[in-house]
Amino acid sequence: MGNGTELGRVRGLGSAKSGVHHWWMQRVTAVANVALLLWFVISLVRLPGLDHASVLLWLRQPVAAVPMLLLIVSVFWHLRLGFQVFIEDYVHDEGAKLLALLALNFYALAGAAAGSFAVLKIALGA
Amino acid sequence: MAANRPIARPISPHLSVFKWRFTMAVSIIHRATGTALAFGGGVLFLWWLLAAASGPDAYATFYTVARGPIGILVGVGLSWVFFQHLLSGLRHLYMDTGAGYGLAEARSSAVAVFAGAVLLTVLLWVAILSTKGL
């Protein structure tokens with residue numbers, strides 16, 4: 001590999017052709033998670049109760065529904081990036097690695113879709 | 001040349017011959033807690049949200065389990081896992097700036113992560129018990 005050409009070094013994309021994008025988005029979502037999850041935990045503690053009515057009343061407000069949607073995107077994005085590294089480090093069989101990465105992507109996207117749908121249904125629905 | 005090589009020294013490090021350190025423990029536990037949050041935390045979070053969106057019956061099922069002994073146990077465990085991952089993640093972000101790699105400083109920040117996670121877990125459950133009861 002060496003240091004590559006001058007142009008290659010400037011672009012900084014390496015052999016995977018994606019540079020530090022994965023590493024950077026892991027940090028971006030980490031910082032977002034700190035803010036959003038602290039808001040989430042504090043909000044739940046401050047709710048009068050965690051019964052169905054209290055949760056619906058809370059999530060129907062835009063000030064709760066919008067951060068919840070952001071939280072879902074950030075958390076499922078972050079866990080997808082994080083567990084991808086885990087798989088790449090510990091699953092050495094190429095076939096198993098491919099299947100694990102596929103399953104992880106499906107889980108992350110399906111989870112984010114299901115969570116977002118639930119929030120939207122509560123916030124917008126009857 | 002080969003004859004000069006010392007014989008009895010370990011030449012290939014292996015997990016089982018490392019002495020446990022706070023710094024390695026915090027790193028390993030960061031991965032373990034991340035995995036637990038990604039799947040355990042993620043699935044329980046989705047169960048809660050989907051139950052709330054599905055209606056009173058589905059929510060009642062979740063609520064009964066969550067307030068039962070197993071639910072409380074999982075809740076306490078998961079909140080410690082969350083705080084541990086949060087604090088070791090903040091330590092990672094700090095070290096991403098190139099700071100905190102001195103042996104003494106890296107060790108004390110690792111110890112602080114363990115102590116802080118337990119402290120925050122206790123504080124959270126004191127807050128939950130004092131505002132919500134059991």
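Letters A, B, ... are given to chains in the order of the sequence lines, protein chains preceding strands, and every chain is numbered from 1. Below, all heavy atoms of this structure are taken into account, side chains as well, without hydrogens, waters or symmetry copies. Model, not experiment: these values are computed from the prediction.
Of all the listed residues (A/N33, A/L47, A/L104), the one sharing the greatest number of non-hydrogen pairs under 4.5 Å with chain B is A/L47. Options A/R46, A/M68, A/R80, A/H78 differ in how many heavy-atom pairs under 4.5 Å they form with chain B, and the most are formed by A/M68. Put simply, of B/P56, B/A127, B/S79, B/S54, the one with the most heavy-atom pairs under 4.5 Å next to chain A is B/P56. Listed options A/I42, A/L50, A/V119, A/V75 were ranked by heavy-atom pairs under 4.5 angstrom with chain B; first place goes to A/L50. With respect to chain A, the highest number of heavy-atom pairs below 4.5 Å among B/L86, B/L124, B/D96 belongs to B/D96.
For B/A51, the part lying near chain A is the backbone, with the side chain staying farther off; criterion is any non-hydrogen pair under 4.5 Å. Only the side chain of A/V41 comes within contact range of chain B, with at least one heavy atom under 4.5 Å from a heavy atom of that chain. Residue contact with chain B, scored on non-hydrogen atoms closer than 4.5 Å, involves the side chain of A/L71 exclusively. Looking at A/L120, there are no atoms closer than 4.5 Å to chain B (heavy atoms on both sides), in backbone or side chain. A/F76 touches chain B through its side chain: at least one heavy atom from C-beta onward sits under 4.5 Å away, while N, CA, C and O do not.
When all heavy atoms of B/T131 and A/V45 are compared, the pair lying nearest together is OG1-O, 3.9 Å. The two residues B/L46 and A/G111 make their nearest non-hydrogen contact at CD2-O, 3.3 Å. Of all heavy-atom pairs between B/V43 and A/Y107, the closest is N-OH, 3.7 Å. What you find for A/G115 and B/L49 is that their closest heavy atoms are O-CD1, 3.8 Å.
Within residues 51-59 of chain A, the residues having any heavy atom less than 4.5 Å from a heavy atom of chain B are, in residue-number order, A/D51, A/H52, A/V55, A/L56, A/W58, A/L59.
With ring centers used as reference points, A/F40 lies under 6.0 Å from B/F45.
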